[in-house]
Amino acid sequence: SAKDMKHRLGFLLQKSDSYDYSSSQGKREKISSSQRVSQEEVRKWADSLENLIHHDRGLAAFRAFLKSEYSEENIEFWVSCEDYKKTKSPAKLSPKARKIYDEFISVQATKEVNLDSCTREKTCHNMLEPTLSCFDEAQRKIFTLMEKDSYRRFLKSPYYLDLISPPGAGCRPENCKRSHTHTFDCNSNIISQCA
């Protein structure tokens, strides 16, 4: 459930001992206590989606939020594209590209992302001779979609607000504002949690 994910995420972000967790590719990564997230770092996540998803813990928080909304396919596609662009062996490009295409872009894709027909067609054409940049346009479109939609909701969600507020601070107006240009509303759901 969303509440369980939120609890696990909070535990993940606060634990100071070294521990392992699984990434989406099934790799094991070690996180040390020196990599704990500071309040300053968490505040930077609100500056841009790029800051958020280029930070391991920020990406984990955003992914957990998207899972709670049943819309994690966009971030999974973005991460897969980032991984694909790091492919060193030319022999691996075609099979990796086919896997991404089949999983996220084809009409029968299990995790189909929302792309316009022009971008979908161009990406399909790129599949004839896959290069490291064959998903660039599709990845840009999905990034923009997340930036305008789910990222804004994330910043107003308990997934982010609980991280940015110091423990025990409650839901006072000063804790719900990031700056004069971006204001977080204390919606009824968050207010009831703070009461």
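Numbers here simply count residues along the sequence, with the first being 1.
- Summarising the geometry, atom CG belonging to Leu59 is positioned 12.0 Å from atom CZ belonging to Arg57; distances are rounded to the nearest 0.5 Å.
- The minimum heavy-atom distance between Ala46 and Leu155, with the atom names listed, is CA-CD2, 3.7 Å.
- By the side-chain contact (heavy atoms from CB on, under 4.5 Å) test, Arg153 is found to be paired with Phe65, Glu69, Asp149, Ser150, residues two or more places apart in sequence or in another chain being considered.
- Relative orientation of the Phe143 and Trp78 rings is tilted, given thresholds of 30° and 60° on the angle between their planes.
- A donor-acceptor pair under 3.5 Å is absent between the side-chain atoms of Gln139 and the main chain of Cys81, judged by distance alone.
- Classification of Glu82 and Lys85 as a salt-bridged pair holds, one side-chain N sitting under 4.0 Å from a carboxylate O.
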### Message
Set out, in order, the CA-CA distance, both residues' side-chain angles and the distance that settles side chain to side chain donor-acceptor pair (under 3.5 Å) for Thr119 and Asp116, then state yes or no.
### Response
CA-CA 6 Å; Thr119 305; Asp116 59 272; 2.8 Å; yes
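- Across every non-hydrogen atom of Lys141 and Leu115, the tightest pair is CB-CD2, 3.9 Å.
- Summarising the geometry of Tyr160 relative to Val42, their closest heavy-atom pair is OH-O, 2.9 Å, with the distance given to 0.1 Å.
- A donor atom on one side chain and an acceptor atom on the other are not found under 3.5 Å apart for Lys92 and Thr87.
- Rounded to the nearest 0.5 Å, atoms OG (Ser106) and CZ (Arg98) are 8.0 Å apart.
- Put simply, CD1 on Ile142 and CD on Glu147 are 12.5 Å apart, with the number rounded to the nearest 0.5 Å.
- Contact between Phe135 and Ala97 at its shortest, heavy atoms only, is CZ-O, 3.4 Å.
- Taking every heavy atom of both residues into account, Leu93 and Leu132 meet most closely at CD2-CD2, 3.4 Å.
- Between the CG atom in Leu161 and the NZ atom in Lys156 there is a gap of 10.5 Å [rounded to 0.5 Å].
- Using modelled atom types, no side-chain atom of His125 and backbone atom of Glu121 make a donor-acceptor pair closer than 3.5 Å.
- Not one N or O on the side chain of Tyr84 forms a donor-acceptor pair closer than 3.5 Å with the backbone of Val79.
- Summarising the geometry, atom NZ belonging to Lys148 is positioned 12.5 Å from atom CG belonging to Leu49; distances are rounded to the nearest 0.5 Å.
- A salt bridge links Glu112 with Arg120: at least one charged nitrogen is closer than 4.0 Å to a carboxylate oxygen.
- Taking CD1 of Ile75 as the start and CD1 of Ile53 as the end, the distance is 4.5 Å to the nearest 0.5 Å.
- Side-chain N/O atoms of Asn126 and Thr123 include no donor and acceptor closer than 3.5 Å.
- Put simply, the side chain of Lys111 does not reach to within 4.5 Å of the side chain of Phe77, judged on heavy atoms.
- Contact check on Arg140 versus Asp136 returns no salt bridge, with no Lys/Arg side-chain nitrogen under 4.0 Å from an Asp/Glu carboxylate oxygen.
- Under a 3.5 Å cut-off, the side chain of Tyr151 and the backbone N or O of Leu145 do not form any donor-acceptor pair.
- With ring centers used as reference points, Tyr159 lies 6.0 Å or more from Phe154.
- Between Glu72 and Arg63 there is no salt bridge, since none of the side-chain N atoms of the basic residue sits less than 4.0 Å from a carboxylate O of the acidic one.
- Looking at Asn74, its side chain never comes within 3.5 Å of a backbone N or O of Met146 through a donor-acceptor pair.
- Not counting sequence neighbours, Asn114 has no partner by the side chain to side chain donor-acceptor pair (under 3.5 Å) test.
- Residues Lys44 and Glu41 are in side-chain contact: their nearest non-hydrogen atoms beyond the backbone lie under 4.5 Å apart.
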